[in-house]
Trainee: 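Here it is: the structure, laid out below.
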Amino acid sequence: MNIQQKDKNHVWHPFTQHHTAKNHLEIIKAYGVYLEDASGKKYIDANSSWWVNTHGHGHPHIAKAINEQFTTMDHIVFAGVTHPKAVELADRITSILPDHLEKVFFSDNGSTAVEVAIKMVMQYFYNKGEKKNRFLAMNGSYHGDTFGAMSVGQRGYFNKPFEPFFFDVDTIDFPNGENEQAILENAKGLFATKEFAGLIIEPLVQGAAGMRMYSAEFLDQLTALAQENDVLVIFDEVMTGFGRTGKMFSLDFCQNKPDLVALSKGLTAGVMALGLTIASNKIYDAFLSDDIGKALLHGHSFTANPIACAVACANLDIFEEKKTWQRINDIIAWNEDFAKQLAQLDNVENIRQQGTIIAFEVKTGEENSYFSDVKTKAYDFFLENGILLRPLGNTIFVNAPYVIEEEEYGEITGSILNFLTS
Ligand SMILES: *Cc1c(COP(=O)(O)O)cnc(C)c1O
């Protein structure tokens, strides 16, 4: 029996309607920016393997870290035990975050990193004996697929069956260049009720909503309003972290810093499953008590897995190399050129760029939705042309690994231009 048949028999894929799904592309190798299928055909990994890869596949420094850590210590319980790589990672990650973000909690992915942040906010006020039960989130946001994360995310198609089980969340509109003052007024009114515990936000770029971008100035004002009203601010940097926006984190563009940050995706160079929630000392201190019930009674079997931590440290090593940031800046410049070329086309709108991410919509005349036809047509066209690029509805975007060469980048942008003019 071949792989496709066995896959059909036994595998349940993410975000997939198996009744209508075609055969899955069978990738058997990955190196640098390339993926290779069973027939030997190569594809450029233009969306960094679901936005996670930072330094290309099979990076020798990451390989060494995995190998060394495995032969030293593969895994260990993290309650009552600590180990050097977890401590090194916590120390290094807090040294590149704002000073007040000092306490690192380990989990397994972006959703759990967010889930932990939400639980920290809820319990912070619980521990202090303050009744604050409301959260504010932004329309169109995506924070993951566990229950807390879904509750604060955009409601609709993706989570309709679960909606009756979510906690209530208030939302503000997405800032579109015209409605900023109205949104801030709205938020101010809500926060004035003093019923709000937390604000959760994807800083500067909403990923899953279609790489929608907004200004640091707006975010600064929103953060300030929240913090003036004792509302804890969570930045979900799961997608925006690790160079994607042109700086290490989105918060590096902001004057006003969050109380909590959730990290995953690029944290491990896109190689191991790991999530981090980094909290301020103010939050951490509210959990200190003689009462065990005031502790954060949360954990996962693979909390602070040493191999994942070693990989995250190796990822940071590569970010300390000058050439990584040189290439990030190259990509930013290539995107600027590409944006000019796109601007010449009639069927393209909303061209936008934040650091290494460039995105735009293909005009179709229909409403933009995840299931828009552009998605399927474009996906197939790019595959045919040796590029793995998954549009979100009629939004096409590129967020490639930071080791991509100019010529390879040109293949992606050239292919997109061909698609748009064919
Ligand atoms: C991907 C993503 C998540 C969820 O992360 P998983 O690792 O897929 O659970 C949360 N927030 C944002 C902004 C994301 O892009």
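Because only heavy atoms are used, hydrogens play no part in the values below, and waters and symmetry mates are left out as well, while side chains stay in. Both ligands and their constituent atoms are indexed starting at 1 by order of listing. As the structure is a computational prediction, the values presented were derived from the model and not from experiment.
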Trainee: Under a 4.0 angstrom heavy-atom cut-off, which atoms of ligand 1 come close to G144?
Mentor: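 Per the distance check, 4 (C), 10 (C).
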
Trainee: Can you list the atoms of ligand 1 that are under 4.0 Å from a heavy atom of H143?
Mentor: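 Here the atoms of ligand 1 in question are 10 (C), 11 (N).
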
Trainee: Measuring from the heavy atoms of K265, does anything fall under 4.0 Å of ligand 1?
Mentor: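 So K265 counts as touching ligand 1.
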
Trainee: Is it true that R352 and E361 have a side-chain N and a carboxylate O under 4.0 angstrom from each other?
Mentor: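 Looking at E361 together with R352, the answer is yes, because their closest N to O distance falls below 4.0 Å.
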
Trainee: Assign the ring pair H18 / H24 to parallel, tilted or perpendicular, where the plane angle (0 to 90°) is split at 30° and 60°.
Mentor: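 If you compare the ring of H18 with that of H24, the planes turn out tilted.
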
Trainee: If you count the atoms of ligand 1 from 1 in the order shown, which ones are under 4.0 Å from a heavy atom of M239?
Mentor: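 Per the distance check, 15 (O).
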
Trainee: For F70, I'd like to know if atom CZ has over 12 heavy atoms of other residues, nucleotides or ligands within 6.0 Å.
Mentor: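 Result for CZ/F70: open.
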
Trainee: A side-chain contact here means heavy atoms from C-beta on lying under 4.5 Å apart; do L392 and F397 qualify?
Mentor: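 When only atoms from C-beta onward are counted, F397 and L392 do touch, with a gap below 4.5 Å.
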
Trainee: Counting each atom of ligand 1 from 1 as listed, which ones have a heavy atom of S111 under 4.0 Å away?
Mentor: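 Numbered from 1, ligand 1 contributes 4 (C), 5 (O), 6 (P), 9 (O).
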
Trainee: Would you mind running through ligand 1 and noting each atom that sits below 4.0 Å from a heavy atom of E202?
Mentor: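 Under 4.0 Å from E202, ligand 1 has these atoms: 13 (C).
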
Trainee: Are F419 and F382 an aromatic pair, judged by ring center distance below 6.0 Å?
Mentor: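 For F382 and F419, the ring centres are under 6.0 Å apart.
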
Trainee: Considering only heavy atoms of D236, which atoms of ligand 1 have at least one such atom less than 4.0 Å away?
Mentor: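 By the 4.0 Å cutoff, the relevant atoms are 10 (C), 11 (N), 12 (C), 13 (C).
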
Trainee: Do we get K294 above F287's six-membered ring, with its NZ or CZ under 6.0 Å from the centre and within 45° of the axis?
Mentor: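 Relative to the ring axis of F287, which defines the angle, K294 lies outside at least one limit.
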
Trainee: In the protein, which heavy atom is nearest to atom 7 (O) of ligand 1, and how far is it?
Mentor: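 Here the closest protein heavy atom is G110 N, 2.8 Å.
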
